[in-house]
Amino acid sequence: MDRRRFIALSTLTPAAAFAAAAGQVPANAATADTAPANAAAAGPAHANAASGFGMKPGRHTFGFAAGGSAFLLDGEPFQIRSGEMHPARIPVEYWRHRIRMAKAMGMNTVSAYVMWNYLEQRPGVFDFHSERRDIEKFVRLCQAEGMWVLLRPGPYVCGEWDLGGIPPYLLADPDAQLRVDSATYPKYMAAVARYHRQLVPRIKPLLVAGGGPILMIQIENEYGSFGNDAAYVAELRQLWIDGGVDGPFYTEDGLGQVEQNHTNVPGGAIALSGGDAGSIAAARKAFPQVPAMAGEVYPGWLTHWGDPTFQGAGYDVSAALQGCMDAGLSFNLYMLHGGTSFGFFAGANANDLSGGYQADITSYDYNAPISEQGVATPRYLKYRDLIAGYLDRPLPDIPVPVPTIVRQGALALTPRPYASIWDNLPHPFPAADTVTPQPMETYGQHSGFILYRRTLPGYTAGTLDIAWVHDYATVFLNGRYQGGLSRQLVPDAIASALNLTNNNAPLALGPAATVGDNPRLDILVEGMGRTNYGHAIVDRKGILQTVSLLDADALTGTLTGWQVFGLPMDDDFVKHLKPRVSDPARPGMFFRSTPVLHEVGDTYLDLSNWTKGVVWVNGHNLGRYWELGPQRRLYCPASWLKRGRNEILVFDLHQTEPRAITFERTLS
């Protein structure tokens with residue numbers, strides 16, 4: 001089910017009441033006690049009192065008016081006009097450009113998720129500096145551009161991001177539980193506390209009270225659509241307080257969820273998913289002492305592999321924006337600029353039994369007002385004009401987009417076979433750990449591919465039955481491709497062409513006469529996006545339980561005694577590929593091209609002629625492609641290209657013959 005539409009419309013949440021107190025004015029908000037009780041609902045005349053344009057340096061106060069009737073900045077009613085963008089999804093070189101784009105549309109605030117699993121990929125090993133991880137730098141850039149910040153640090157963020165931002169290493173424990181309090185499953189909250197011990201000292205100086213731009217910190221994310229455990233939410237809030245940050249805080253939920261489960265925090269504001277002026281009024285009625293805002297106004301939508309087209313193209317939030325601007329109500333557009341889920345970080349949706357799995361595409365364009373490539377769309381211009389009509393000063397000029405390059409027709413490039421995965425296998429995991437197949441998290445691997453291998457002495461024929469494949473497997477006997485199994489539903493035409501089964505249906509294998517005696521069985525599994533929403537978020541990758549043969553004479557039954565090889569396809573693995581292809585007819589191949597560029601610019605690599613795989617450009621993982629579509633082009637920023645010789649590396653699960661790749665200007 002579409003995760004955000006569910007939040008906005010559904011009231012099917014746990015029935016127990018949230019026991020924590022609510023509706024208190026935060027003690028640390030110095031302006032709250034002195035503000036007049038009727039200061040609020042600041043209308044258009046007040047909306048620009050502290051707009052963020054020309055932000056004054058130094059410390060500020062941010063809090064709530066008495067009775068929760070308004071947000072107050074330095075004692076004055078303040079309308080938060082926020083646009084969501086995620087630094088992890090934007091090349092660092094473009095952070096300032098995208099922030100300026102938000103400002104030029106009339107925003108005074110940037111809302112940003114912090115992806116925990118992007119910062120701590122191995123237990124206790126944190127990285128706050130490489131690639132797109134320097135959240136402090138991003139926040140400082142917002143401040144330098146005169147923009148305030150709403151920080152959404154999780155630990156769970158959803159965001160169509162792998163496992164909702166929670167580190168997959170937690171899934172190594174077969175009894176793992178996520179989004180629960182320390183009494184329920186101590187290991188989860190211990191890891192959360194370790195994350196906060198690293199994060200909180202970095203964020204504290206960036207709060208408005210410390211001279212930074214952060215107005216509020218969100219506690220968890222949309223917890224009301226998952227549970228109603230007051231102790232869990234209270235523990236998360238306390239981690240900030242223990243670190244010397246006592247607010248202001250806020251929570252994010254659908255109106256129905258927060259009304260039913262009371263998942264707001266004491267002294268914290270309420271942000272509403274799918275919010276508008278009407279839902280803000282309803283929240284204020286249900287929680288009369290608590291300020292409320294439209295925390296996620298959706299100008300676009302997420303897209304899954306296999307969707308007929310990119311989603312959200314028909315959305316128009318003009319009415320919601322106008323309603324908020326008329327009443328001076330605060331809002332956040334989710335997304336103002338979606339960006340890209342580079343690498344293996346795109347998430348997925350599934351139902352609460354883990355069925356109906358749908359992986360998200362690599363692009364997080366979201367049909368947002370600012371495109372994936374940073375271009376002002378027609379709706380950007382429309383919303384900008386609408387907002388500008390309420391402000392008492394002109395908006396900044398729209399930043400010039402980054403130039404693009406194309407390479408088509410005779411200039412199209414065709415990579416050559418470069419390396420076979422079968423010639424680049426690492427040492428297998430210890431045999432004691434591979435008697436039965438285990439998911440990749442058990443072996444300390446968090447993404448990529450994993451290979452399960454076993455010989456079949458006395459094999460005659462049979463049918464392969466796996467419980468369960470997460471998420472896509474290609475199967476070989478003695479190096480000969482037999483077919484595959486897909487967790488996600490693959491259309492009949494593609495399934496037939498590749499001999500794929502859907503929904504974990506068994507796969508018939510060829511007879512011994514075609515594959516040889518005592519064949520070696522290879523099952524190469526790709527872990528795609530982990531479920532990021534709902535109650536099935538404990539989503540391990542690889543083979544989860546058993547592999548069996550049906551109708552295989554003496555081999556019929558469960559197979560044990562495996563060799564298992566981890567293939568994370570991370571930077572180090574790809575950097576050290578051996579350029580060898582011993583069997584050019586066997587799928588599972590890397591293809592390489594080294595085009596010489598005389599100029600660089602943003603571009604999209606068109607993989608329409610390819611089947612399923614991953615692309616790297618100069619060592620940067622652009623993400624996944626899949627013939628299911630609707631995405632067939634992968635965004636490559638100019639900052640990842642260089643004048644002169646470049647390297648493009650394509651790993652395709654099925655193709656043994658290369659096809660042409662063109663450079664295009666747009667996603668579609």
Closest approach of Ala348 and Ala359, non-hydrogen atoms and distance?
CB-CA, 3.7 Å

For residues His654 and Tyr481, establish whether the separation of their ring centroids is below 6.0 Å.
yes

Between Lys612 and Tyr472, is NZ or CZ placed under 6.0 angstrom from the six-membered ring centre and within 45° of the ring axis?
yes

Below 6.0 angstrom between ring centroids: does that apply to Tyr223 and Tyr232?
yes

Minimum heavy-atom distance between Tyr452 and Met440, given as atom pair plus value:
OH-N, 4.4 Å

Name all residues meeting the side-chain contact (heavy atoms from CB on, under 4.5 Å) criterion together with Pro417; count only those two or more places apart in sequence or in a different chain, and write none if there are none.
Met589, Phe591, Pro658

What residues form a side-chain contact (heavy atoms from CB on, under 4.5 Å) with Asp553, not counting sequence neighbours?
Thr460

Test of understanding: with side-chain contact (heavy atoms from CB on, under 4.5 Å), list the residues that count as partners of Val538, not counting sequence neighbours.
Leu171, Leu178, Arg540

Taking the six-membered ring of Tyr169 as reference, does the NZ or CZ atom of Arg122 fall below 6.0 Å from its centre and within a 45° cone about the axis?
no

Please enumerate all residues that pass side chain to side chain donor-acceptor pair (under 3.5 Å) together with Tyr443, with sequence neighbours excluded.
none

So which of Val515, Ile523, Asn499, Asp522 actually passes side-chain contact (heavy atoms from CB on, under 4.5 Å) with Gln482?
Val515

What do the steps show when you test Phe345 against Tyr118 for ring pair (Phe, Tyr, Trp, His ring centres under 6.0 Å), and what is the final call?
CA-CA 9 Å; Phe345 283 105; Tyr118 191 48; 5.3 Å; yes

Could you please spell out the steps behind the salt bridge (Lys or Arg N to Asp or Glu O under 4.0 Å) verdict for Glu441 and Arg530?
CA-CA 12 Å; Glu441 294 83 1; Arg530 289 181 181 82; 2.7 Å; yes

Which residue pairs satisfy the side chain to side chain donor-acceptor pair (under 3.5 Å) criterion with at least one member in residues 554-564, sequence neighbours excluded?
Ser548-Thr558

Here the salt bridge (charged side-chain N to carboxylate O under 4.0 Å, His left out) pairs for residues 486-512, sequence neighbours left out, are Asp471-Arg487, Arg487-Asp539

Run the salt-bridge test on Glu627 and Arg632 with the 4.0 Å N-O cut-off and return the result as yes or no.
no

With a 6.0 Å cut-off on ring centres, are Tyr315 and Tyr298 close enough?
no

For residues Phe651 and Phe449, establish whether the separation of their ring centroids is below 6.0 Å.
yes

Backbone N/O of Lys578 and side chain of Asn424: donor-acceptor pair under 3.5 Å
yes

Between Glu220 and Arg179, does any NZ, NE, NH1 or NH2 come within less than 4.0 Å of an OD or OE carboxylate oxygen?
yes

Between Phe342 and His620, does the ring centre distance come in under 6.0 Å?
no

Any chance you could lay out the salt bridge (Lys or Arg N to Asp or Glu O under 4.0 Å) test for Arg592 and Glu647, step after step, and finish with the verdict?
CA-CA 7 Å; Arg592 184 172 181 260; Glu647 181 188 62; 2.6 Å; yes

Do Tyr334 and Tyr366 make the cut of ring centroids closer than 6.0 angstrom?
yes

Run the salt-bridge test on Glu526 and Lys541 with the 4.0 Å N-O cut-off and return the result as yes or no.
no

Is the closest basic N to carboxylate O distance between Glu372 and Arg633 below 4.0 Å?
no

Answer yes or no for Arg133 and Phe128: cation-pi contact, defined as NZ/CZ to six-membered ring centre under 6.0 Å and angle to ring axis within 45°.
no

